[in-house]
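Here, residue 1 is the first one in the sequence, and each next residue gets the next number.
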Amino acid sequence: MKDQNKLEEAKLNGNREVRVRALGVSRGVAIGRLVLLYGSSRQFFKIEIDDSKVDAELRRFRTALTTARRQLDRIADASSHARSAGGIISTQQAMLEDPEFATEVEKFIRTDQINAEWAVKSVTDRYVAQYKALPDEYIRERYADIEDVAERILTSLGGDRRRRVRLGPDSILVGRELRPSTLVELTGESPKALITEHGGWTSHTFILARELALPAVTGFKNLFNRVKTGDTAVVDGYNNEVILHPTAETILQYTRAPGKQVDIPAVRRNNSAKRLTTTDGTEILIRVNMDFPSGYPDAYELGARGIGLYRSEFLFNQFKGFPSETEQETAYREVALLAGIDGVKIRTFDLGVEQWGGQNVSEEKNPALGLRAIRLSLAHAKQFRSQIRALLRASHKRSIDVVIPMVSGISEIYDVKQIIERESAVLESRQISHGEVRLGAMIEVPSAVLMAKEIVQQTDFICLGTNDLIQYLLAVDRDNENVANWYRTLHPSVLRAIKMVSKASTDLGKSLIVCGEMAGSPFYVPLLLGLGVRELSMNINSIAHVRRLVEGIKLKDTTELAAEVNDCQTADEIEDRMKQYFRDKWTSLLPPDFFADRRR
């Protein structure tokens with residue numbers, strides 16, 4: 001019935017079909033209606049509200065306005081010594097105190113019966129347009145202050161965590177850039193696909209999209225000027241394309257070919273009792289990366305042995321804020337129970353300061369190099385100790401390992417070990433049941449690679465996060481499409497780093513788990529095996545493809561492949577050699593479009 005409705009709409013659609021090239025970052029096809037997301041700190045879209053809810057929405061806006069005013073007052077007090085800063089803050093304070101602004105926003109909420117976020121956007125967009133039209137350049141540039149004030153109010157509106165956001169049926173999320181927290185927040189509303197203007201293959205949003213099997217494309221230029229909420233579109237993650245205003249014939253073409261979403265002819269199930277080995281008998285262990293533990297039974301059925309990376313920071317979205325110690329313990333117990341004797345590796349909060357501290361923290365100029373991950377946890381010792389206690393309590397009669405993110409050297413490991421010892425003693429003194437946890441470290445910055453031997457000596461295992469490792473080694477923002485051509489997974493320095501870490505773990509007899517996107521790609525897996533890796537952790541949708549490949553190759557050949565590219569001096573040279581090797585050795589194991597894949 002839904003497909004028939006789409007066909008009828010297409011026949012009545014007066015717009016001409018338009019095909020836009022984009023970069024597919026999560027395979028699949030979806031047909032639906034576009035929902036445009038706005039905002040940066042907190043993303044939102046237009047929501048129509050019932051008449052009975054208008055007063056509550058007005059109160060939300062007034063509370064947010066008061067919160068924004070108080071924030072600016074605090075900033076003004078802190079910057080009273082700086083004349084220029086004081087002038088900027090005074091201008092923004094005046095805007096927030098302007099009764100006309102508040103009156104117009106409230107009028108929008110009442111008359112249009114819409115959410116406060118959309119009303120703020122509508123009013124400020126008009127103000128910005130008026131300022132940009134002024135002839136005086138100095139005054140014209142004040143539009144930036146209006147945008148800053150609007151963002152502050154919108155962020156304050158995000159403090160109401162009790163609101164349930166609802167999408168319409170068959171919604172395709174569209175934004176200049178989609179935050180992972182936005183996707184997690186809206187996952188329960190079952191969006192059909194994602195379209196963005198900015199973002200890269202290894203961005204957290206698209207990693208999550210692949211885990212959720214949501215088709216996604218990025219690189220759609222000038223997005224908001226070309227589409228509007230309610231437009232019908234087809235997202236084709238296979239052919240790197242968005243089709244706007246599709247004709248009835250186009251919709252029929254896509255609805256008649258649902259089988260295209262299966263990459264291999266038959267996904268072999270019931271692998272849960274079967275060891276995975278290469279054809280010459282070397283066992284390879286596959287684990288799964290998870291944010292939502294409910295998916296683990298399917299991963300186990302496909303052949304996963306435990307959870308190699310559980311991202312604890314996604315609890316912030318689940319509990320709409322900082323999770324309590326009890327909430328954390330319950331969540332960790334649940335995931336550990338599902339993983340059973342194969343165990344779960346839980347990464348401590350890998351967050352930026354703006355996500356941890358809420359709306360009262362200043363935005364960092366360079367978050368990737370700022371106060372984040374283990375640095376942030378150690379800077380907020382009270383909350384970090386609470387997480388450690390929750391992990392210790394949850395590990396009672398459960399197999400839980402703890403992974404420290406963004407380790408740069410030995411000092412962070414010493415600090416975490418001391419906290420674990422101290423909190424274990426506290427639980428012991430209170431006669432609270434708890435277990436022991438094994439400690440691991442994420443290797444994802446250059447200093448950790450150079451200190452790999454020492455880090456391995458101080459931990460029970462190590463995890464190699466290839467996404468961030470490539471970013472930091474090559475000084476390339478993995479979410480910035482402007483430098484996408486410099487983000488090269490096969491850069492010689494990346495392969496040397498992996499080899500160095502692999503050797504350190506092998507020499508000391510410790511486990512190394514590769515848990516970045518390389519681990520789930522059939523193109524990179526043979527090279528990883530040739531470099532000494534024996535444990536891979538990937539998203540659930542990669543397991544069948546990787547198993548099929550591993551079962552059909554010899555470890556001897558992967559070692560030969562690694563040796564063959566060892567002397568290459570560029571990523572292009574390595575990729576060409578690898579493609580030729582694949583053609584010579586493993587063509588029958590690969591999907592038909594394997595060599596045309598643009599995502600490498």
Side-chain angles (χ1 to χ4, degrees), residues 33-51 53-72 75 87-160 163 165 173-179 182 197-198 220-231 359 363:
R33 291 180 179 274
L34 305 184
V35 175
L36 274 59
L37 295 171
Y38 297 86
S40 55
S41 294
R42 178 178 182 267
Q43 295 183 299
F44 62 91
F45 54 90
K46 183 178 180 180
I47 304 173
E48 296 180 355
I49 59 177
D50 296 334
D51 185 60
K53 297 180 180 178
V54 168
D55 287 341
E57 202 66 14
L58 289 170
R59 288 194 294 272
R60 281 188 69 235
F61 168 66
R62 292 164 187 162
T63 299
L65 196 61
T66 299
T67 300
R69 286 170 179 161
R70 288 173 178 168
Q71 290 174 1
L72 276 181
I75 294 172
I88 293 170
I89 299 304
S90 296
T91 299
Q92 295 189 8
Q93 285 175 313
M95 292 176 183
L96 286 174
E97 297 293 340
D98 181 4
E100 184 177 346
F101 171 78
T103 299
E104 289 193 47
V105 172
E106 292 189 10
K107 182 180 178 182
F108 262 95
I109 295 172
R110 283 197 186 94
T111 58
D112 290 17
Q113 292 186 202
I114 54 173
N115 55 315
E117 289 91 342
W118 192 261
V120 170
K121 176 190 180 300
S122 300
V123 173
T124 54
D125 279 354
R126 185 164 58 80
Y127 277 31
V128 166
Q130 291 172 350
Y131 267 81
K132 286 184 174 180
L134 294 173
D136 187 301
E137 182 179 0
Y138 175 76
I139 299 177
R140 187 168 64 240
E141 293 303 317
R142 304 305 284 270
Y143 80 86
D145 289 316
I146 298 173
E147 291 180 335
D148 198 10
V149 166
E151 190 63 43
R152 188 172 296 280
I153 297 171
L154 292 170
T155 302
S156 298
L157 283 167
D160 186 351
R163 302 182 76 237
V165 178
L173 302 180
V174 180
R176 288 194 172 91
E177 189 170 19
L178 284 177
R179 296 171 65 91
T182 300
E197 186 168 349
H198 307 295
F220 190 127
K221 301 299 182 184
N222 204 20
L223 183 60
F224 280 14
N225 292 330
R226 303 172 72 178
V227 300
K228 65 181 184 299
T229 293
D231 284 350
Q359 58 196 25
E363 182 179 347

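Side chain of Glu57 to backbone of Asn115: no donor-acceptor contact under 3.5 angstrom is found. Looking only at distances, no side-chain donor or acceptor of Gln113 sits under 3.5 Å from a matching main-chain atom of Glu48. No donor-acceptor pair closer than 3.5 Å links the side chain of Asp231 to the backbone N or O of Leu34.
At least one side-chain heavy atom of Val227 sits under 4.5 Å from a side-chain heavy atom of Phe220. Annotation: side chain of Glu106 is in contact with side chain of Arg62 (closest heavy-atom distance under 4.5 Å). Counting heavy atoms from C-beta on, the side chains of Asp125 and Tyr38 never come closer than 4.5 Å. Proximity of Phe101 to Thr124: side-chain heavy atoms (C-beta onward) are separated by under 4.5 Å at one or more points.
Distance check: Ser122 OG to Lys107 NZ gives 13.0 Å after rounding to the nearest 0.5 Å. Atom NZ of Lys121 and atom CD1 of Ile153 lie 14.5 Å apart (nearest 0.5 Å). Note: Ile49 CD1 to Arg110 CZ = 11.0 Å, rounded to the nearest 0.5 Å. Atom CD of Glu177 sits about 10.0 Å away from atom CD of Glu197, to the nearest 0.5 Å.
Scanning all heavy atoms of the two residues, the minimum distance from Ile109 to Ala119 falls at CG1-CB, 3.6 Å. Taking each heavy atom of Ala102 and Phe61 in turn, the nearest pair found is O-CE2, 3.9 Å. Leu223 approaches Gly175 most closely through the heavy-atom pair CD2-O, 3.4 Å. Annotation for Leu37 and Leu178: closest pair CD1-CD2, 3.1 Å, computed over non-hydrogen atoms.
Of the charged side-chain nitrogens involved, at least one lies within less than 4.0 Å of a carboxylate oxygen, so that Arg60 and Glu117 count as a salt-bridged pair.
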